[in-house]
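Beneath this line is the structure, given in structure tokens, with notes to follow.
Residue numbers start from 1 in every chain, and the chains themselves are labelled A, B, ... in the order their sequence lines are given, proteins ahead of strands.
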2 protein chains.
Amino acid sequence: MEIQELKNKKDVAPNRENDETCCVPTLIEPALGVKQARKAADVFNALADPTRLTILSLIARSERGEACVCDLTASFNMGQPSISHHLKILKDADLIQGDKRGKWVYYSLVAGRDEEIKGLLDTILKIPLGV
Amino acid sequence: MEIQELKNKKDVAPNRENDETCCVPTLIEPALGVKQARKAADVFNALADPTRLTILSLIARSERGEACVCDLTASFNMGQPSISHHLKILKDADLIQGDKRGKWVYYSLVAGRDEEIKGLLDTILKIPLGV
DNA sequence: CCTTCAAATTGACAATCTTCGATGTCAATG
DNA sequence: CATTGACATCGAAGATTGTCAATTTGAAGG
């Protein structure tokens with residue numbers, strides 16, 4: 001998850017008049033800030049695990065839009081600490097929020113990003129499984 | 001990137017009539033197939049790196065919708081093998097395609113998934129950088 | 001208080017990822 | 001056909017990740 005600065009434009013040849021002569025880069029516009037790329041990668045990284053996607057899906061499709069850790073733990077062949085670990089990653093990426101009520105903690109999609117998150121899931125889940 | 005089956009429904013208590021008594025999971029509907037979750041996680045994983053996001057952004061915003069490896073290599077403080085490695089990951093996730101013309105290989109967004117990919121990038125890049 | 005139970009945290013380990021340097025491949029060119 | 005340049009592949013080093021077992025925290029109830 002290391003990050004690197006884009007090289008200064010001056011470091012690369014400025015023009016490509018004759019396209020076939022040599023590899024003279026047409027450097028593209030200020031594409032994406034370093035911080036922006038890092039932040040976006042963090043969000044995608046939170047989504048880059050089957051368990052976490054399933055957790056999100058379970059929460060998104062649950063009757064009340066929330067699920068407690070014990071609900072989730074019961075749904076996987078995996079220890080409770082692992083589920084807590086995944087929940088923390090989703091929470092750090094601002095995808096879910098926890099609400100402690102009594103002894104239980106109920107997780108739901110972050111208010112206001114509800115539709116955005118469901119949209120991301122839907123986009124990806126439309127992809128055919130291939131082969 | 002390990003995957004696990006959802007536990008059988010029978011493994012968890014079936015009802016939650018009295019909400020406050022105990023943690024009796026309301027198990028949610030067949031949320032997400034294992035294969036589907038894995039495939040989706042692979043795609044998100046390909047997007048979960050700042051360098052790869054920047055590469056995608058450079059390609060998407062380039063004048064002709066494509067860039068050769070030397071263009072990209074010139075844009076990063078990183079060796080050419082590393083760029084090739086990232087390109088392979090993006091290609092394996094069916095996000096980009098390579099076209100060899102002469103000595104050069106030109107990469108572009110996969111035809112037909114053009115808009116989908118740009119949509120994913122836009123969704124995430126709208127996220128405020130926060131703190 | 002003392003116990004119980006839900007959830008978070010810690011420490012350890014194996015597996016995976018990012019990067020690099022070195023080498024291999026393949027098209028163009030002389 | 002030998003060389004050059006663009007790109008891919010390989011092997012290794014170091015960092016990061018996912019999982020588990022053990023422990024800790026914190027609220028509820030006796």
Side-chain angles (χ1 to χ4, degrees), chain A residues 1-4 12-13 16 18-25 37-38 41-42 44-55 66-93 96-107, chain B residues 1-4 12-13 16 19-25 37-38 41-42 44-55 66-74 76-93 96-107:
Chain A
M1 219 185 294
E2 272 310 298
I3 190 64
Q4 58 294 113
V12 294
R16 177 194 261 177
N18 187 340
D19 212 275
E20 304 304 339
T21 49
C22 157
C23 189
V24 180
R38 197 175 342 185
D42 283 345
F44 281 127
N45 192 53
L47 297 168
D49 179 276
T51 300
R52 292 197 287 272
L53 284 178
T54 306
I55 288 175
E66 63 181 16
C68 71
V69 180
C70 60
D71 284 339
L72 298 169
T73 298
S75 298
F76 294 90
N77 288 317
M78 191 180 298
Q80 169 267 317
S82 293
I83 300 296
S84 271
H85 168 69
H86 288 302
L87 289 169
K88 179 167 169 46
I89 291 173
L90 290 170
K91 190 177 172 187
D92 287 346
I96 63 174
Q97 57 192 357
D99 176 30
K100 186 158 193 170
R101 298 205 294 273
K103 280 193 293 191
W104 298 279
V105 178
Y106 294 85
Y107 283 94
Chain B
M1 218 184 293
E2 271 310 299
I3 190 64
Q4 58 293 112
V12 294
R16 177 193 262 177
D19 212 276
E20 304 304 338
T21 48
C22 155
C23 190
V24 180
R38 196 174 346 184
D42 283 345
F44 281 127
N45 192 52
L47 296 168
D49 179 276
T51 301
R52 292 197 287 272
L53 284 179
T54 306
I55 288 174
E66 63 181 15
C68 71
V69 181
C70 60
D71 283 339
L72 298 169
T73 299
F76 293 90
N77 289 317
M78 190 179 296
Q80 169 266 317
S82 294
I83 300 296
S84 271
H85 169 70
H86 287 302
L87 288 170
K88 179 167 169 47
I89 291 174
L90 290 170
K91 190 177 172 187
D92 287 346
I96 63 175
Q97 57 192 355
D99 177 30
K100 185 159 192 170
R101 298 205 295 272
K103 281 193 293 190
W104 298 279
V105 179
Y106 294 86
Y107 282 95

On DNA chain D, compare the nucleotides closest to A/Lys103 and A/Arg52; which residue's is nearer the 5' end? A/Arg52
Roughly how far apart are A/Gln80 CD and A/Leu72 CG, rounded to 0.5 Å?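 The CG atom of A/Leu72 is 11.0 Å from CD of A/Gln80, to the nearest 0.5 Å.
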Are any of A/Ser82's side-chain N or O atoms less than 4.0 Å away from OP1 or OP2 of D/dT19? no
B/Tyr107 side-chain N/O to D/dA6 phosphate OP1/OP2 under 4.0 Å: no
DNA chain C: B/Lys100 or A/Lys88, which has the more 5' nearest nucleotide?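 That would be A/Lys88.
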For A/His85 and B/Gly102, find the nucleotide of DNA chain C closest to each by heavy atoms; which residue's nucleotide sits nearer the 5' end?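 Nearer the 5' end of the strand: A/His85.
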Tell me the interatomic distance from [X], atom [atom1], to [N], atom [atom2], rounded to whole angstroms.
X	N	atom1	atom2	value
A/Leu72	C/dA7	CG	P	9 Å
A/His86	D/dT19	NE2	C1'	8 Å
A/Arg38	C/dT18	CZ	P	15 Å
B/Trp104	D/dA8	CH2	C1'	17 Å
B/Met78	D/dA8	CE	C1'	17 Å
B/Arg101	C/dA28	CZ	C1'	16 Å
B/Asp71	D/dA6	CG	P	11 Å
B/Asp92	C/dT16	CG	P	16 Å

Quick check for you: among C/dT9, D/dG18, D/dA8, whose closest atom lies nearest to any side-chain atom of A/Ile89? D/dG18
Would you check if the side chain of B/Arg52 reaches a backbone N or O of B/Leu47 as a donor-acceptor pair within less than 3.5 Å?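 Not a single qualifying donor-acceptor pair exists.
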Taking B/Thr54 for the side chain and B/Pro50 for the main chain, is one N or O donor matched with an acceptor at less than 3.5 Å?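 A pair under 3.5 Å: yes.
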Cationic N near anionic O, under 4.0 Å, B/Asp42 to B/Arg38: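 Result for this pair is no, no salt bridge flagged.
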Taking C-beta and beyond as the side chain, do B/Asp49 and A/Phe44 meet within less than 4.5 Å on heavy atoms?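 B/Asp49 does not reach A/Phe44 side chain to side chain.
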Does A/Gln80 get its side chain close enough to the base of C/dA8, under 3.5 Å, for a donor-acceptor pair? yes
